[in-house]
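For clarity, every value in this text was computed on a predicted model and none was experimentally measured. Atoms within a ligand are numbered from 1 in the order they appear, just like the ligands themselves.
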Amino acid sequence: REMGSNRTIVLYPSPGMGHLVSMVELGKFTLNHHPGLAITVLVVNPPYNTAASTAAYMNRISATTPSITFHHLPSPPLDPDSYPSLEALHFELLRLSNPHVHQALHSISLTAGISAFIIDFFCTCALSVATNLGIPTYYFFTSGANGLALFLYLPTLHQSTNKSYKDLDELLHLPDLLPIPPRDMPVPLLERTSPEYAFFLDVATQLAKSSGILVNTFESLEHNILKSISHGKYVPDGPTPPVFSLGPLIASDNGKGGGAAGGTGGGVHECLKWLDMQPSRSVVFLCFGSVGRFPAEQLKEIAIGLERSEQKFLWVVRSPPSEDKTSRFQTPPAPDLDLLLPHGFLDRTKGRGFVVSSWAPQVDVLNHGSVGGFVTHCGWNSVLEAVCAGVPMVGWPLYAEQKLNRLFLVEEMKLALPMDESTEGGFVKAAEIEKRVRGLMDSEEGKVIRETAQAKKEEAKQAMADGGSSTVALAKLVESWRKLE
Ligand code: UDP
């Protein structure tokens, strides 16, 4: 028996592009298999850059999936420039939104039973609100199972040292996990005395108290670690909530109809037309997430490395971070390519390379037959998009938990080669870029990870198909809600 149509699931994503999109995709996946349900998404409008891109995405969903309702919460008054980091800004934004969340849950529950409230980890402050209303609350973890294991273990790790991870030299040993170089820990956790550290430590404690954790991965990608989590190895002092692997949940198209800031406003993007003219798997794609930006000197160095690699490339270039603190979280202006790239670069690489300003339709690009490799910042959505497209990677992490993702992609999943950014204070020289791009596109090593990537693509497809591991996990989750009715 399906649940009655007066039952709803409320999703509460944090506003970043990667967080919102994957959670809405969770809603779509749920509806595909359990059409009797309704989904309400609580939307916090961010006072910065991804607002335009997420709005376009939500409009597309509203037009195609009427069972998903977007409930916009009032925007709390706050000055983005007074926060030291995007994470700090997010916590505050979501903390201030809490009374509105309470109100929204209350008003929704007047007309429909709320079977489950599913929150992003930035929305942890809403956990107690929902619990007080007697609504079962789950986390949707927007990174992989390795990352989840680490998060669950944070309180234990915290007890084991009183130093900041940035000052530690010894590798961190967690049960059943690759040893982690402390500097590969998520950026907001590096400094023990920072507010971000305290916040995430609290998130970790709350995660373990939720009704369950939904994670954007699939069984065969992270089988061993998922088993270790369910055996309770990362929450030594209490029960581990049930974990459901429901991925890979990615947007099926994020480029059409002005899919994002700087989008094309409809029609086929120029870069896809260019890809149409290139040989099969000949092009390396370079793109660094929704907010990744490089200093001007690093952009020049990438250009030199690409030129020397003699490989075909499609490169998304964004303006360097501004010196002006007041525009940190705003959409950067379009890059001045003539100024930023080495003199004559665009002419010399004409035909062999294509530079896109600011934003490319990444999912479409990765799934284009001419693309044979991806240099990525290792944001988890980008990783899953590459896995679904069967494209091997070079991992060049920039922020958040991306170094950790690279570690597992390179050492465990064998889906990526590492970019070595550890010398020169994070600056990567042209020679390293040339070496890695060649390694990816034109070497035995690259061929091996390409074959692994192709195999994973098939496994990802199977996981989401009828009878696949993610579909079965979803059925179990929905069944557990039904029992609570
Ligand atoms: N993206 C895109 N075009 C771009 C840059 C990013 O379509 O030029 C999309 C990408 O496909 C992914 C998301 O933005 O879905 C970025 O999410 P991810 O988790 O990889 O990184 P984040 O932006 O959260 O660091």
Checklist entry - Counting each atom of ligand 1 from 1 as listed, which ones have a heavy atom of W380 under 4.0 Å away? => result 19 (O)
Next on the checklist: What I want to find out is whether K300 reaches E297 closely enough, with some N-O distance under 4.0 Å, to be called a salt bridge.
Outcome noted: no
Next on the checklist: Measuring from non-hydrogen atoms of R318 to any atom of ligand 1, is the shortest distance under 4.0 Å?
Outcome noted: yes
Item to check | ligand 1 versus C287: contacting region, heavy-atom distance under 4.0 Å | outcome: side chain
Checklist entry - A360 near ligand 1, heavy-atom distance under 4.0 Å? => result yes
Checklist entry - How are the rings of Y153 and Y234 set relative to one another: parallel (under 30°), tilted (30 to 60°) or perpendicular (over 60°)? => result perpendicular
Next on the checklist: If you apply the rule ring pair (Phe, Tyr, Trp, His ring centres under 6.0 Å), what do you find for H19 with F140, and how did you get there?
Outcome noted: CA-CA 9 Å; H19 290 250; F140 178 64; 9.0 Å; no
Item to check | Trace of the salt bridge (Lys or Arg N to Asp or Glu O under 4.0 Å) decision for E310 with R438 | outcome: CA-CA 8 Å; E310 297 178 322; R438 270 188 204 272; 3.5 Å; yes
Checklist entry - What are the atoms of ligand 1, with element, lying closer than 4.0 Å to any heavy atom of S382? => result 18 (P), 20 (O)
Checklist entry - Quick one: does M393's side chain get under 4.5 Å of L415's, heavy atoms only? => result yes
Checklist entry - Any idea which atoms of ligand 1 are less than 4.0 Å away from a heavy-atom of E385? => result 10 (C), 11 (O), 12 (C), 15 (O)
Item to check | Region of W359 that comes within reach of ligand 1 [heavy atoms, distance under 4.0 Å] | outcome: both
Checklist entry - Quick one: which ligand 1 atoms are inside 4.0 Å of a heavy atom on G289? => result 5 (C), 6 (C), 23 (O)
Checklist entry - For ligand 1, is there an atom lying under 4.0 Å from some heavy atom of H19? => result no
Item to check | Geometric class of the F70/H72 ring pair [parallel <30°, tilted 30-60°, perpendicular >60°] | outcome: tilted
Checklist entry - Any side-chain heavy atom of N381 within less than 4.5 Å of one from V21? => result no
Checklist entry - Could you go step by step and tell me if F200 and F91 meet the ring pair (Phe, Tyr, Trp, His ring centres under 6.0 Å) rule? => result CA-CA 10 Å; F200 279 114; F91 306 150; 5.6 Å; yes
Checklist entry - Counting from 1, what ligand 1 atoms have a heavy atom of G379 closer than 4.0 Å? => result 18 (P), 19 (O), 20 (O), 21 (O)
Checklist entry - Is any side-chain heavy atom of P279 less than 4.5 Å from a side-chain heavy atom of K312? => result yes
Checklist entry - Between S143, S290, G292, which one has a non-hydrogen atom sitting closest to atom 16 (C) of ligand 1? => result S290
Checklist entry - Any heavy atom of Y399 sitting closer than 4.0 Å to ligand 1? => result yes
Checklist entry - At a 4.0 Å threshold, what atoms of ligand 1 neighbour a non-hydrogen atom of Q402? => result 25 (O)
